[in-house]
Amino acid sequence: MLAVKTPDSIPVEVSREAFRNAMSVLAAAVNVVTTDGPAGRAGFTATAVCSVSDEPPSLLVCLNRSASVYDTFCTNGHLCVNTLTSDQHALSNLFGGKTSMAERFATADWSTELTGAPLLNDALINFDCRIGSRVSVGSHDILICEIVGIRQREGGDSLIYFQRNYCNAQQLMDG
């Protein structure tokens with residue numbers, strides 16, 4: 001457990017369950033993160049993705065070091081963050097499960113650009129990236145990624161994960 005201090009400086013233990021429950025109320029875009037290269041082709045579903053800087057354009061992706069794809073991403077050194085549309089929850093589940101990589105990639109249309117990482121052709125946004133550095137925190141590595149290309153689709157609504165369910169922006173606004 002992590003000890004935190006309350007405003008009155010009394011240490012409080014924060015359990016894993018309490019942390020996970022609190023994080024479930026933070027809405028996040030759902031992404032399929034992909035790579036291909038000398039270590040092979042791999043992909044996983046992630047909500048732990050956010051911007052770092054616009055100068056240089058960069059973002060971060062959090063990846064559990066015990067994930068089966070961890071070594072593949074680290075060895076290849078590049079990735080693509082494919083932000084899913086509101087109708088792609090089945091693809092999110094597929095890349096978040098125990099399905100083989102061949103099956104995951106067979107269910108959608110892919111292309112490549114500068115890095116060679118697979119870009120989902122009908123994603124809302126594709127961020128083609130080189131992994132610049134890694135920082136280890138707890139069970140995860142934070143991959144700091146330099147964006148070398150962006151492809152953005154006209155229109156569409158982002159798939160969002162909120163309170164352990166998929167939704168879209170309109171559903172969040174409607175309550």
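From a predicted model like this one, the values you see are computed outputs, not experimental measurements.
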Query - Heavy-atom side-chain contact between L114 and R130 under 4.5 Å - result: yes
Query raised in the report: So, for V69 and G43, which heavy atoms are closest and what is the spacing to 0.1 Å?
Result: CG1-O, 4.1 Å
Query raised in the report: Is it the case that N121 and R153 place a side-chain donor and acceptor less than 3.5 Å from each other?
Result: no
Query raised in the report: Do Y166 and L91 share a hydrophobic cluster (ILVMFWY, side-chain heavy atoms under 4.5 Å, transitive)?
Result: yes
Query raised in the report: Has the side chain of T115 got a donor or acceptor atom that lies under 3.5 Å from a matching backbone atom of D128?
Result: no
Query raised in the report: Side-chain heavy atoms under 4.5 angstrom apart, residues restricted to Ile, Leu, Val, Met, Phe, Trp, Tyr: same cluster for L26 and V14?
Result: yes
Query raised in the report: Can you tell me how far CG of L94 sits from CD of Q88, rounded to the nearest 0.5 angstrom?
Result: 12.0 Å
Query raised in the report: Minimum heavy-atom separation for A46 to F44, with atom names?
Result: CB-CE1, 3.6 Å
Query raised in the report: Does CZ in R20 sit with more than 12 non-hydrogen atoms of other residues, nucleotides or ligands closer than 6.0 Å?
Result: no
Report task. Mind running side chain to side chain contact (heavy atoms under 4.5 Å, CB included) on V25 and Q163 for me, showing each step along the way? Result -> CA-CA 5 Å; V25 300; Q163 294 185 333; 3.9 Å; yes
**Report entry** Atom of T72, atom of A42 and distance for their closest heavy-atom approach
**Finding:** CG2-CB, 3.8 Å
Query raised in the report: Under 3.5 Å, side chain of T85 to main-chain N/O of L124, donor-acceptor pair present?
Result: no
Report task. Check whether any side-chain N or O of R104 sits under 3.5 Å from a backbone N or O of F95 as a donor-acceptor pair, and report yes or no. Result -> yes
Query raised in the report: Is it true that V148 and L79 fall in one hydrophobic cluster, defined by side-chain heavy atoms closer than 4.5 Å?
Result: no
Query raised in the report: Does the side chain of N82 come under 3.5 Å of the side chain of T34 through a donor N or O and an acceptor N or O?
Result: yes
Query raised in the report: Where do S92 and T45 come nearest, in terms of heavy atoms and distance?
Result: O-OG1, 2.6 Å
**Report entry** Transitive ILVMFWY side-chain link V32 to I131, under 4.5 Å
**Finding:** yes
Query raised in the report: OG of S58 to CD of E146: how many Å apart, nearest 0.5 Å?
Result: 8.5 Å
Query raised in the report: Just by distance, do the side chain of N31 and the backbone of V33 share a donor-acceptor pair under 3.5 Å?
Result: no
Query raised in the report: Side-chain heavy atoms under 4.5 angstrom apart, residues restricted to Ile, Leu, Val, Met, Phe, Trp, Tyr: same cluster for L143 and I125?
Result: yes
Query - Interatomic distance, F73 atom CZ to R134 atom CZ [nearest 0.5 angstrom] - result: 12.5 Å
Query raised in the report: Roughly how far apart are S86 OG and L159 CG, rounded to 0.5 Å?
Result: 7.0 Å
Report task. Taking the side chain as every heavy atom from C-beta outward, state whether W110 and L120 have any pair of such atoms under 4.5 Å apart. Result -> yes
Query raised in the report: C80 and P118: which non-hydrogen atoms are nearest, and at how many Å?
Result: CB-O, 3.4 Å
Query raised in the report: Counting distance only, does the side-chain N/O of H89 pair as donor-acceptor with the main-chain N or O of C167 below 3.5 Å?
Result: no
Report task. Taking T99 for its side chain and G97 for its backbone only, find out whether a donor-acceptor pair lies under 3.5 Å. Result -> no
Query raised in the report: Could you give the distance from CG (L59) to CG (D54), rounded to the nearest 0.5 Å?
Result: 12.5 Å
Query raised in the report: Ignoring hydrogens and geometry, is there a side-chain-to-backbone donor-acceptor pair from R65 to H140 under 3.5 Å?
Result: yes
Query raised in the report: What's the shortest heavy-atom distance between N76 and G40, and which atoms?
Result: ND2-O, 2.9 Å
Requested in this report: Hey, could you give me the OG1/NE2 distance between T112 and H78, rounded to the nearest 0.5 Å?
Outcome: 9.5 Å
